[in-house]
There are 2 protein chains.
Amino acid sequence: MLMAATVQSLPMIEQDHPCFGCAVRELAICGSLESAALREFKANGPAADYEAGETVVYEGDRAANVYTLTSGLLRLSKLLPDGRRQIAGFLFPGDFLGITMEEEHAFTAEAVASSSLCRFPRRQFDDFVADHPELERRLYAVAAHELAAARQQLVLLGRKTATERIASFLLMLASRCHSMGSSEEIDFPMSRADIGDYLGLRIETVSREITALKTGRLIQLTGRHSFRIVDRDRLEQLAEG
Amino acid sequence: MLMAATVQSLPMIEQDHPCFGCAVRELAICGSLESAALREFKANGPAADYEAGETVVYEGDRAANVYTLTSGLLRLSKLLPDGRRQIAGFLFPGDFLGITMEEEHAFTAEAVASSSLCRFPRRQFDDFVADHPELERRLYAVAAHELAAARQQLVLLGRKTATERIASFLLMLASRCHSMGSSEEIDFPMSRADIGDYLGLRIETVSREITALKTGRLIQLTGRHSFRIVDRDRLEQLAEG
DNA sequence: CGACGGATTGAAGCACCTCAACGGGAGTGG
DNA sequence: CCACTCCCGTTGAGGTGCTTCAATCCGTCG
């Protein structure tokens, strides 16, 4: 019954629809479009694939395209002149890349793992959005959500300790990569360097803090890029300071 | 001629219009509405005044209203359980308060200096926006801009040194409080504590760094809450690392 | 005048960084 | 199959930039 309700809330599409079978349709902005409009939309957005490490857009590039991530993981980052790097966020499947009214991308987007995207020419995308208020609405909701997330990250970077940052990060992973479930195994493809650049820490500190959480039996490491939450309560307590 | 062009780009309003003489109309989202729509809009948004230190909205409050700041200065902040505070941003005249699709405000908004706002019931505001695509567009632009600013602040908090943070902050003040002009005096009403909580530093560090910039002849302190940029080039160099 | 709050200055401590060595899994080549 | 290398992650020891604690200064207000 619950599942039926979920499905019911989505516009139905046909088996021959180009978006039929898309795993992230309901998550992505596409989810706000009904079948015919979605078909027209998708006609402008062919797939584009990137291997881990490849760059999707460079900071400073003209923002000629916008994207929807269908699978994989991207990082949004910025480099200071001397090489210091800050990752402003990760994009998960269903996330939208290209929230801006500026001419240029403000951040570099790179594939952390091999990723697939739907790529839309910005011009056509804008025109299409102008004709579809429901899409405009959805875009605003996405922007508002991203803004809240970025501001939450400001609290982490400005005021939390290394331990609190790592705990917050692991909980974020748990909520984004998974459908809850307390003791499930959580995979994350990003390196310790990526984690450090996201949390404003050095890789050595990331490593030490993760080890400490493992030693304290808050988490269990099931691999270098996967873990299990053992004591969610204590982890949440830690994360909030 | 230049002025005429600027005025021309704005929808004209009449002398008896409730928004006639509003100093921030062109800056605020209101700037996207033509006279009649703006009149209808303003009918739902009476003025509300707050003294320095008063709270406009509390984190966790139901988001029953949205606001446009017409004068003064607000801070958006969040408190950790043990009292640590992070300021996510400042709102200047013309800025919009209430970018969210959530039911509750994620941040507390307080007046740094005595401030005036136009207050709109959220429900009516949403309805009005739904009827005015140009306003929806403008809201999206505002959200995208705020998102870019927040992400830029992530770089500052995650990777910049205390000196670089202060330099960046002073330049931000210069660009937001003023119409450029190199050696103008810049006033800022926020306390050292506010600055520290915005930059992820303690007030002692803020004080020391400001003193250092003064000693190094990069800036000149003209009062406890005002300064002048002496060497903008070096200040910008510092700010970028 | 004294008291108060915000800002500055000084001295000592510590959380995280830096530098350096080591470990372990994946790929390669014999 | 083992030997080798490379890359990434872990661990250790020492350094440092910012914090913490504390005293002083200064403008405002009663």
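Keep in mind that the numbers below use all heavy atoms, side chains included, and drop hydrogens, waters and symmetry copies. Proteins get letters first, then strands, A, B, ... in listed order; numbering begins at 1 in each.
As judged by a 4.0 angstrom heavy-atom cut-off over every strand, B:G223 is placed among residues making no nucleic acid contact. Nucleic acid contact for A:G196: none, since no nucleic acid atom lies under 4.0 Å from a heavy atom of the residue. B:T205 comes within 4.0 angstrom of a base, heavy atoms only.
Between B:T211 and the phosphate of C:dT9, there is a side-chain N or O to OP1/OP2 separation shorter than 4.0 Å. In this structure, A:H225 reaches the D:dG9 phosphate: one of its side-chain N or O atoms is under 4.0 Å from OP1 or OP2.
In this structure, the CZ atom of B:F227 is 14 Å from the P atom of C:dT8, given to the nearest Å. In this structure, B:F188 atom CZ and C:dA7 atom P are separated by 9 Å, rounded to whole Å. What separates NZ of B:K160 from P of D:dG17 is a distance of 18 Å, to the nearest Å. C:dC17 atom C1' lies 12 Å from atom CD1 of A:I203, rounded to whole Å. Rounded to an integer number of Å, the gap from B:L221 CG to C:dA7 C1' is 11 Å. What separates CZ of A:R165 from C1' of C:dC17 is a distance of 13 Å, to the nearest Å. Between A:R159 atom CZ and C:dA15 atom P the separation is 16 Å, expressed in whole Å. What separates CZ of A:R202 from P of D:dC8 is a distance of 15 Å, to the nearest Å.
Closest approach of B:G200 and B:L157 over heavy atoms only: N-CD2, 3.8 Å.
Ion pairing between B:R228 and B:E184 fails under the 4.0 Å rule for side-chain N and carboxylate O. A salt bridge does not link B:D197 to B:K78: none of the charged nitrogens lies less than 4.0 Å from a carboxylate oxygen. Salt bridge absent: B:R217 and B:D231 never bring a charged side-chain N and a carboxylate O closer than 4.0 Å.
In this view, B:H225 and B:F188 satisfy the ring pair (Phe, Tyr, Trp, His ring centres under 6.0 Å) rule, not counting sequence neighbours.
Using modelled atom types, no side-chain atom of A:S226 and backbone atom of A:I186 make a donor-acceptor pair closer than 3.5 Å. No donor-acceptor distance shorter than 3.5 angstrom exists from the side chain of B:R122 to the backbone of B:V66, with no hydrogens or angles considered.
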Fill in the blank from the handout: Protein-proximity profile, nucleotides 21-30 of chain D, B/S/- by nucleotide at the 4.0 Å heavy-atom cutoff, equals B---------
